[in-house]
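Note that the structure is a prediction, hence the values are computed from the model and not measured. Every chain is numbered from 1 and lettered A, B, ... according to where its sequence line falls, protein lines coming before strand lines.
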Amino acid sequence: MRLATWNVNSLAVRLPQVLDWLTANPVDALVLQETKLTDDKFPRAEIEAAGYAVQWFGQKTYNGVALLSREPAHDVTKNIFGFADEQARVIAGTVDGVRVIGAYFPNGQAPDSEKFTYKMAWLQALRDWVRSELAAHPRLVLMGDFNIAPEDRDVHDPVLWAGQIHCTPQEREHFRELIALGLVDAFRLFEQPPKSWSWWDYRNLAFRKNQGLRIDHILVSEALRPAVSACMIDKLPRKNERPSDHAPVVVELSTA
DNA sequence: ATGGCTAGGACCCCTAGA
């Protein structure tokens, strides 16, 4: 079983690239972030024609998430149970016996901003909810755009980024607290190329210079950990003509 | 060569992303 996450930065723009990517990478499930589409504009027919069932949850202009899967997802939920939120950031469903949570974590803008306060509250609510999801579904994957670079090795220039958004001690502590629920960063289960990033700024020729951050993650539960056989970032779509600023991350589970 | 962003919305500039 293969699962993937990709922040597409507008599905209206990126749909052809998503369909091309799925043809080359026929994963069992794919979660998308930043679809930036109201639900009535979601390209359901095109995705179903490509052989995927799909669930979506969006809003105008910002945010928006989707869950594509070969087998239809069931018990689909949207956003964080018990956390009132105007923003469409989370979609979850059970696919082939695995609880799949796709999330677009708040950006946070700057450590002294109101958006950072929202990010902290959102992270706290996410943790409490994921704890209960784990109790109900031991086979669980939490993946998406976390907007957190967990360690300095996930940052191209840790000095430049020290204390900046995505790299603050508070955000990194929240990441560790998620791990402490009984999750593991699938990417770090394997030897990886140094300077592995999942996002590169559109500006400053950042991709060409490989100046980026690893902020898109796949966390798997302890019950699934023995099944994880590979995890990689696919940089290829970042080389497309009109790319998203994020690359997909893929995990492979050797399910019995 | 020494490079300088993209998307959406309402508009020819602004917000937001990260």
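Neither side chain, A:D28 nor A:Y52, offers a donor N or O lying under 3.5 Å from an acceptor on the other. Looking at A:N9 and A:S244, their side chains never bring a donor and an acceptor atom within 3.5 Å of each other. For the 3.5 Å distance criterion, the side chains of A:W200 and A:D245 fail to qualify, holding no donor opposite an acceptor.
Contacts between residues 151-178 of chain A and DNA chain B, defined by a heavy-atom separation below 4.0 Å, involve A:H166, listed by number. Of the residues in residues 107-120 of chain A, those lying under 4.0 Å from DNA chain B by heavy-atom distance are A:N107, A:K115.
Among the heavy atoms of the strands lying under 4.0 Å from A:N147 are primed sugar atoms or P, OP1, OP2 only; no base atom is included. Note on A:N63: nothing from the nucleic acid sits closer than 4.0 angstrom, heavy atoms only. Across all strands, A:R208 comes closer than 4.0 Å to no nucleic acid atom at all (heavy-atom distances). If you check every strand for non-hydrogen atoms under 4.0 Å, A:D145 touches sugar and phosphate atoms only. Residue A:F146 is out of contact with every strand shown, counting any heavy-atom pair closer than 4.0 Å.
Cluster note: A:W199 groups with A:V155, A:L160, A:W161, A:L213, A:I215 through ILVMFWY side-chain heavy atoms spaced under 4.5 Å, whether in direct contact or through intervening members.
Note: A:F175 and A:H217 meet the aromatic proximity criterion, with ring centroids under 6.0 Å apart. Remark: aromatic rings of A:F83 and A:W129 are distant, center separation not under 6.0 Å.
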Identify every side-chain donor-acceptor pair in residues 227-234 of chain A under 3.5 Å, counting partners at least two apart or on other chains, and give the distances.
residue: A:S229; atom: OG; partner: A:E252; partner atom: O; Å: 3.2
residue: A:S229; atom: OG; partner: A:E252; partner atom: OE1; Å: 3.0
residue: A:D234; atom: OD1; partner: A:L236; partner atom: N; Å: 3.1
residue: A:D234; atom: OD2; partner: A:W21; partner atom: NE1; Å: 2.8

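In this structure, A:E241 and A:P106 both approach DNA chain B, and ranking their closest nucleotides by distance from the 5' end singles out A:E241. Mapping A:L205 and A:A12 onto DNA chain B by nearest heavy atom places A:L205 closer to the 5' end of the strand.
Exactly one residue among A:R214, A:K195, A:R172 makes a side chain to side chain donor-acceptor pair (under 3.5 Å) with A:D154. That residue is A:R214.
Rounded to whole Å, the C1' atom of B:dT15 lies 34 Å from the corresponding atom of B:dA1. As rounded to the nearest Å, B:dA10 and B:dC14 have C1' atoms that lie 9 Å from one another. Of the C1' atoms belonging to B:dC12 and B:dT2, the separation is 31 Å, rounded to the nearest Å. Here the separation of B:dA16 from B:dG3, taken at their C1' atoms, is 25 Å to the nearest Å. Taking atom C1' in both B:dA7 and B:dC11, the straight-line distance is 14 Å, to the nearest Å.
At distances below 3.5 Å, at least one donor-acceptor pair connects side-chain atoms of A:D201 with backbone N or O atoms of A:R203. In this structure, A:T168 contributes its side chain and A:I165 its backbone to no donor-acceptor pair below 3.5 Å.
For the side-chain hydrogen bond (donor to acceptor under 3.5 Å, both in side chains) test, no residue two or more places apart in sequence or in another chain qualifies with A:S196.
Close approach of DNA chain B to chain A, defined as any atom under 4.0 Å from a non-hydrogen atom of the protein, starts and stops at B:dG3 to B:dA18.
A salt bridge does not link A:D96 with A:R139: every distance from a Lys NZ or Arg NE/NH1/NH2 to an Asp or Glu carboxylate oxygen is 4.0 Å or more.
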